[in-house]
Asker: 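Could you have a look at this structure, given as structure tokens, before my questions?
One-based numbering, in listed order, for ligands and for the atoms of each.
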Amino acid sequence: MRKKIVAGNWKCNTTLQEGVALAKEVNSIVKTSDVQVILGTPFIHLTEVVKLVDNKAIAVAAQNCAAEPKGAFTGEVSAAMVKSTGAQYVILGHSERRGYYGETSEILNKKLALALENGLTPIYCCGEALDVREAGKQNEFVINQLEETIFKLSADDFKKLVIAYEPIWAIGTGKTATSDQAEDMLKTIREAIAAKYGKAIADETSILYGGSCNAKNAKELFAKPNIDGGLIGGASLKAEDFNTIVMSF
Ligand code: PGA
């Protein structure tokens, strides 16, 4: 059985003190044994948050890592550094990183390799912009993103990934994809995985939906057979809402 996952993506929000307070609140109210809960915090929060959460229920993720292993790259944080905090996951390929920081497939392939080498589980994001969706080309666009990156991995490495489909037009806009649109894309992704790596691996891969997923719409989204959970931005900053999403399966 593939894992159900609810991952928060705090983005560039919360000071260290605010982040620690939020993590404590989440830790005190989230009580689940069958959902893997993940907190995607800013780099500087990782060590503190790892220490304070119940690691049987809650894991911690970085939101990025460097494309180089170490060295003269001022301001970068390497996969090995992330791993050394006790974080277990790293979000890679988020559309904000692709769009604002020019992350190409080539760069993402280096990050994916380093994350995997260092024993981190990548949460690999994909998703199309509004013009692509309006042209009806979203499936081929997303599959192409996968072919340029994670579909180059060996089956052994691919099995370690989590995938998050996040249509750019739904991120932070309050405009969620309908549960049918999300299900249709996740089914397409799973079929592409099956064609590339076989049905057994496709059936074991957790694929999340992200983009204005919140305490009100999570239940309908998570009821779909191919939606294994969510990557949650805005709503992950409110512990009560985040917990409601965790309880929405
Ligand atoms: P959102 O962000 O839930 O605020 O739309 C999701 C994401 O970008 O991961």
Side-chain angles (χ1 to χ4, degrees), residues 4-14 18-19 22-23 26 30 35-43 45-46 49 58-65 87 89-103 108 111 115 121-130 132-133 138 141-142 145-146 149-150 161-179 181-182 185-186 189 206-222 224 227-249:
K4 295 175 189 156
I5 297 174
V6 174
N9 176 9
W10 294 2
K11 308 193 180 184
C12 187
N13 293 299
T14 72
E18 289 163 350
L22 175 59
V26 171
V30 165
V35 181
Q36 174 65 66
V37 177
I38 302 171
L39 301 181
T41 81
F43 287 129
H45 301 27
L46 293 171
V49 173
I58 301 178
V60 179
Q63 301 168 19
N64 182 28
C65 69
Y89 291 82
V90 58
I91 299 170
L92 289 176
H94 191 283
S95 60
E96 287 153 14
R97 303 251 12 128
R98 293 178 194 255
Y100 304 149
Y101 302 99
E103 287 197 2
L108 286 171
K111 294 187 176 194
T121 299
I123 301 174
Y124 177 80
C125 303
C126 55
E128 81 289 352
L130 187 59
V132 176
R133 167 74 51 173
Q138 65 274 10
F141 181 89
V142 168
Q145 282 184 323
L146 307 184
T149 55
I150 56 175
L161 297 180
V162 174
I163 298 173
Y165 165 63
E166 300 201 305
I168 297 170
W169 46 272
I171 294 177
T173 58
K175 195 176 162 205
T176 326
T178 66
S179 55
Q181 284 173 323
M185 179 61 81
L186 269 56
I189 293 172
S206 295
I207 313 179
L208 316 181
Y209 168 78
S212 300
C213 181
N214 58 38
K216 291 204 177 75
N217 59 29
K219 220 180 185 76
E220 186 185 333
L221 286 159
F222 297 175
K224 294 290 185 184
I227 302 182
D228 303 316
L231 180 55
I232 318 297
S236 71
L237 296 169
K238 295 187 199 111
E240 288 291 346
D241 284 6
F242 188 63
N243 185 48
T244 303
I245 296 169
V246 171
M247 302 309 289
S248 294
F249 287 94

Asker: So for Ala235, does at least one of its heavy atoms come nearer than 4.0 angstrom to any atom of ligand 1?
Answerer: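 Contact absent.
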Asker: In ligand 1, which numbered atoms sit nearer than 4.0 Å to a non-hydrogen atom of Gly211?
Answerer: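 Taking each heavy atom of Gly211 in turn, ligand 1 has 5 (O) under 4.0 Å.
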Asker: Looking only at protein heavy atoms, identify the closest one to atom 4 (O) of ligand 1 and say how far it is in Å.
Answerer: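 Scanning the protein heavy atoms, the shortest distance from atom 4 (O) of ligand 1 goes to Gly234 N, 2.9 Å.
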Asker: Any luck finding a side-chain donor-acceptor pair between His94 and Gln63 under 3.5 Å?
Answerer: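 No.
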Asker: Judging by distance only, is a nitrogen or oxygen of Glu96 under 3.5 angstrom from one on ligand 1?
Answerer: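 Among all N and O atoms of Glu96, none is under 3.5 Å from an N or O of ligand 1.
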Asker: If I take atom CG from residue Leu186 and atom CD1 from residue Ile207, how far apart are they, to the nearest 0.5 angstrom?
Answerer: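 It comes to 5.0 Å.
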Asker: Does the side chain of Val6 come within less than 4.5 Å of Phe222's, by heavy atoms?
Answerer: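 A side-chain contact under 4.5 Å exists here.
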Asker: Would you mind finding which of Gly233, Ser236, Gly172 brings a heavy atom closest to atom 5 (O) of ligand 1?
Answerer: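 Residue with the shortest heavy-atom distance to the ligand atom: Gly172.
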Asker: Taking Ile91's backbone N and O only, do any of them form a donor-acceptor pair with Tyr89's side chain (distance below 3.5 Å, no angle check)?
Answerer: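 No, the answer is negative, given that no donor and acceptor are paired below the 3.5 Å cut-off.
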Asker: Using a 4.0 Å heavy-atom cut-off, which part of Ala170 comes near ligand 1: side chain, backbone, both, or neither?
Answerer: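 Within the 4.0 Å criterion, Ala170 contacts ligand 1 through backbone atoms alone.
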Asker: Taking the side chain as everything from C-beta on, heavy atoms only, tell me whether Arg98 gets closer than 4.5 Å to Leu108.
Answerer: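 The answer is yes, as the side chains (C-beta and beyond) meet within the 4.5 Å cut-off.
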Asker: Going by the order shown, which atoms of ligand 1 are within less than 4.0 Å of some heavy atom of His94?
Answerer: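 Within the 4.0 Å cut-off of His94, ligand 1 contributes 7 (C), 8 (O), 9 (O).
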Asker: How are the rings of Trp10 and His45 set to each other: parallel, tilted or perpendicular (split at 30° and 60°)?
Answerer: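 Geometry flag for His45 against Trp10: perpendicular rings.
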Asker: Give the residue, atom name and distance (to 0.1 Å) of the protein heavy atom nearest atom 9 (O) of ligand 1.
Answerer: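 Its nearest protein heavy-atom neighbour is Glu166 OE2, 2.7 Å.
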Asker: Just to verify, which of Leu39, Ile38, Val246, Val49 counts as forming a side-chain contact (heavy atoms from CB on, under 4.5 Å) with Ile58?
Answerer: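 So the option named by the test is Leu39.
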Asker: Using a strict 4.0 Å cut-off to heavy atoms of Ser212, name the atoms of ligand 1 that fall inside it.
Answerer: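 Result: 1 (P), 3 (O), 5 (O).
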Asker: Indicate, as side chain, backbone, both or neither, the part of Asn9 found under 4.0 angstrom from ligand 1 when only non-hydrogen atoms are considered.
Answerer: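 It is the side chain that gets close, since no backbone atom is under 4.0 Å.
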